[in-house]
Number of protein chains: 2
Amino acid sequence: MTSELDRIDLKMLRLLQNNGRLSNAELAQLVDVSAATCHRRTQRLFEEGYIKSVRAMIEPLKVDRGALVMVGVVLDRSTPESFGAFEKAVAKLSFVLDCNLVAGDFDYFLKIRVRDMADFNRIHGTQLIALPGVRQTRTFFVMKEVVDNAPLNF
Amino acid sequence: MTSELDRIDLKMLRLLQNNGRLSNAELAQLVDVSAATCHRRTQRLFEEGYIKSVRAMIEPLKVDRGALVMVGVVLDRSTPESFGAFEKAVAKLSFVLDCNLVAGDFDYFLKIRVRDMADFNRIHGTQLIALPGVRQTRTFFVMKEVVDNAPLNF
DNA sequence: GATGAAATCCGAGTCAC
DNA sequence: GTGACTCGGATTTCATC
């Protein structure tokens, strides 16, 4: 079912990753195939899951979410149930952009976006340390975003 | 210039964030305005920088970038020059998705996507520790992606 | 299997109001 | 802000290889 990608497919993926608003006609020109072929191929890239979605990237500052915070989390116990409960709860928190189970000094790393530091402190005190099984958290305030969500290179 | 957003603009931003492929006609229906109005508003959201871009989200596994790694970096010296040199160099590394200057035990946190652990180890040895001013790095392999790049909530 | 040309249809973009 | 109009692109059909 999921067949291989040729160089045209790869080029389309890269172009769409950088500009999801490209019209089918434009894309067709850029990869040098007919509009019909381009349309069919694009559909396939969606159907077969190469493109998960197309999203507008919102400027955080413009919608009052200028503060970025990384949080390392250590759980009480390392049982499957603990991890499951934590993950289920964290997935519901709308301010959590990333949550990754990692190997090392922490169990999880969270990437969080909120209005400001005061907002984070409130959330930390009420929602983060209240997550199931949390033993301790370590907060890393982001002072400067050097690279944010760069496109995937492949 | 950058005027306020009303509830219609906010709704449009949220809808476009979740589905950047929405046609103007569809979006107009969803927010209950005419197509012409919707078109003008969308243009404004782009022009005034509320929407930075629209991007296709590629499935990393499908393009052989299944390994995610968080790396904490400590620099030798904390001078503006050190930071500048590091940031300039790191911005050129295509496998770096995020790079943030943080307050705490590390100077920077990197989010990196590569093919696999072997690939990371090679890159770590040749490209990461070779970055200007790096004293030490701490690697956190991601064992499970619980939440990845969730849409911004506002 | 794939493609591209042509035909149809519908939405983008612009106008007057 | 809306409604109408035009034009171009999206989508389908079909012949072809």
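Chain A is the first sequence line, chain B the second, and so forth, proteins listed ahead of strands; every chain is numbered from 1.
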Practice problem: Check whether any side-chain N or O of B/Arg14 sits under 3.5 Å from a backbone N or O of B/Phe154 as a donor-acceptor pair, and report yes or no. | Solution: yes
Please list each protein N or O that sits under 3.5 Å from an N or O in nucleotides 15-17 of chain D, with the distance.
none

Practice problem: Could you check how far CD1 of A/Ile8 sits from P of C/dG4, rounded to whole Å? | Solution: 8 Å
Quiz prompt | B/Gln29, CD: over 12 other non-hydrogen atoms inside 6.0 angstrom | solution = no
Exercise. Compare the minimum distances between each of C/dA12, C/dG4, D/dT11 and the side chain of A/Ala35, then state the nucleotide with the smallest one.
Key: D/dT11
Quiz item: Do the side chains of B/Met70 and A/Met70 get nearer than 4.5 Å, heavy atoms only?
Solution: yes
Quiz prompt | Whole-Å distance separating the CD atom of B/Glu26 from the C1' atom of C/dG11 | solution = 10 Å
Practice problem: For the pair B/Phe140 and A/Phe106, name the ring-plane relationship: parallel under 30°, tilted 30 to 60°, perpendicular over 60°. | Solution: tilted
Quiz item: Among C/dA12, D/dA10, C/dG4, which is the nearest nucleotide to the side chain of A/Thr37?
Solution: C/dG4
Exercise. Return the nearest nucleotide to the side chain of B/Arg41; candidates are D/dG1, C/dA12, D/dA10.
Key: D/dG1
Exercise. Verify whether one side chain among B/Asn149 and A/Asn149 offers a donor that lies under 3.5 Å from an acceptor in the other.
Key: yes
Quiz item: Starting at CZ of A/Arg21 and ending at C1' of C/dG11, how long is that distance when rounded to a whole Å?
Solution: 14 Å
Quiz prompt | Residue-phosphate contact under 4.0 Å: B/Ser23 side-chain N/O, C/dC10 OP1/OP2 | solution = no
Quiz prompt | B/Ala28 backbone acceptor or donor facing B/Asp32 side chain under 3.5 Å | solution = no
Quiz item: Is a side-chain N or O of B/Thr42 found less than 3.5 angstrom from the main chain of B/Cys38, in a donor-acceptor match?
Solution: yes
Quiz item: In degrees, rounded to 10°, what is the bend between the two ends of the helix from C/dG1-D/dC17 to C/dC17-D/dG1, using five pairs at each?
Solution: 20°
Quiz prompt | Listed once per pair and sorted, the ring pair (Phe, Tyr, Trp, His ring centres under 6.0 Å) pairs that draw on residues 53-79 of chain A, sequence neighbours left out | solution = none
Quiz item: Could you give all pairs that pass the ring pair (Phe, Tyr, Trp, His ring centres under 6.0 Å) test and reach residues 62-87 of chain B, with sequence neighbours left out?
Solution: B/Phe83-B/Tyr108, B/Phe86-B/Tyr108
Self-check item: Nucleotide nearest A/Val33 when distance is taken to its side chain, options D/dG9, D/dT2, C/dG4
Solution: C/dG4
Quiz item: Just how far, in rounded Å, is C1' of D/dG9 from CG of A/Leu22?
Solution: 14 Å
Could you go through nucleotides 15-17 of chain C and list every protein N or O atom that sits under 3.5 Å from one of its N or O atoms, giving the distance for each pair?
none

Quiz item: Taking the six-membered ring of A/Phe95 as reference, does the NZ or CZ atom of A/Arg65 fall below 6.0 Å from its centre and within a 45° cone about the axis?
Solution: no
Quiz item: Can you check the A/Glu47 CD to D/dT11 P distance for me, whole Å?
Solution: 12 Å
Exercise. Let me know the distance between CZ of B/Phe46 and C1' of C/dG13, rounded to the nearest Å.
Key: 15 Å
Quiz prompt | Pairs where residues 111-139 of chain B contributes a residue and the test ring pair (Phe, Tyr, Trp, His ring centres under 6.0 Å) is met, not counting sequence neighbours | solution = B/Phe120-B/His124, B/Phe120-B/Phe141
Quiz item: Relative to the 5' end of DNA chain D, which residue comes earlier, B/Asp6 or A/His39, by the nucleotide with the nearest heavy atom?
Solution: B/Asp6
Exercise. Just compare C/dG4, D/dA10, C/dA12 and give me whichever is closest to any side-chain atom of A/Ser34.
Key: C/dG4
Quiz prompt | Main-chain N/O of B/Val114 paired to B/Asp119 side chain as donor or acceptor, under 3.5 Å | solution = no
Quiz item: Is the distance from OP1 or OP2 of C/dG11 to the nearest side-chain N or O of B/Asn24 less than 4.0 Å?
Solution: no
Quiz item: Rounded to the nearest Å, what distance is computed from the CD atom of residue B/Gln29 to the P atom of nucleotide C/dG11?
Solution: 9 Å
